[in-house]
Amino acid sequence: GAGGCRRVQQGTERCPVPQRHCREVLRGQLASLRSVARNQELLNLARTHTHRELWIGAATSCRAGGQRRSQREDASPRNYANWAPTQPCRLFTTRTTLSTYDGLWRSKFCFQLQPFICRY
């Protein structure tokens, strides 16, 4: 598809291991979902490998002074989001997962083990 190859890594990892694995092993990065079509494409790919949520390339952080910020890990513009109701969590620094159940994004703490999608 457009934007390079994608691979679902089925082993579960805590972040920041997935981002480092994508960068160092595959010379890529965690997949960014920038459109409805890309979200659906990666959801379909993910469902062929797992029924779990997968790490994708987005983070939400709580900055000093209570300022909250969501950003993509590849620093691309944030022009699309597909958050589940009540998401994202903006009280703590979290990473984002794509749910293979409903295709929505959820904030998860980094200590949680999840498979992940790399783009390279």
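Basis for what follows: all heavy atoms, side chains included, without hydrogens, waters or symmetry-related copies. Please read all numbers here as calculations on a predicted model, not as lab measurements.
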Flag if over 12 foreign heavy atoms under 6.0 Å of CZ, F111: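 Atom CZ in F111 is crowded, with more than 12 foreign heavy atoms closer than 6.0 Å.
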Residues in side chain to side chain donor-acceptor pair (under 3.5 Å) contact with [X], at least two apart in sequence or another chain:
X	value
N44	Q40
S99	D102
Q114	none
N39	W105

Let me confirm one number: the [atom1]-[atom2] distance from [X] to [Y], rounded to the nearest 0.5 Å.
X	Y	atom1	atom2	result
R38	S32	CZ	OG	9.0 Å
T96	I56	OG1	CD1	5.5 Å
H21	L30	NE2	CG	10.0 Å
L104	E53	CG	CD	10.0 Å
I117	E41	CD1	CD	9.5 Å

Would the distance check show the side chain of [X] and the main-chain N or O of [Y] forming a donor-acceptor pair, the cut-off being under 3.5 Å?
X	Y	result
T100	A46	no
R47	Y101	yes
Q112	F109	yes
R23	Q29	no
S107	C89	yes

Determine which pairs satisfy ring-ring contact (aromatic ring centres under 6.0 Å, His included) with at least one residue from residues 30-53, sequence neighbours left out, and list them in order.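 Listed once each, the pairs would be none.
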Under a single-linkage definition using a 4.5 Å side-chain heavy-atom cutoff for Ile, Leu, Val, Met, Phe, Trp and Tyr, are L33 and W83 assigned to the same hydrophobic cluster?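 Yes, L33 connects to W83 through the hydrophobic network.
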Same hydrophobic cluster for V8 and L113, using side-chain heavy-atom links shorter than 4.5 Å among ILVMFWY?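 Cluster IDs for V8 and L113 differ.
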If you apply the rule side chain to side chain contact (heavy atoms under 4.5 Å, CB included), what do you find for R95 with K108, and how did you get there? CA-CA 6 Å; R95 295 294 188 263; K108 299 289 180 179; 5.9 Å; no
Which residues pass the side-chain contact (heavy atoms from CB on, under 4.5 Å) test with L26, not counting sequence neighbours?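 Only R7, Q9, C118, Y120 meet the side-chain contact (heavy atoms from CB on, under 4.5 Å) criterion with L26.
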Listed partners of A37 passing side-chain contact (heavy atoms from CB on, under 4.5 Å), at least two apart: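 For A37, the residues satisfying side-chain contact (heavy atoms from CB on, under 4.5 Å) (neighbours in sequence not counted) are S35.
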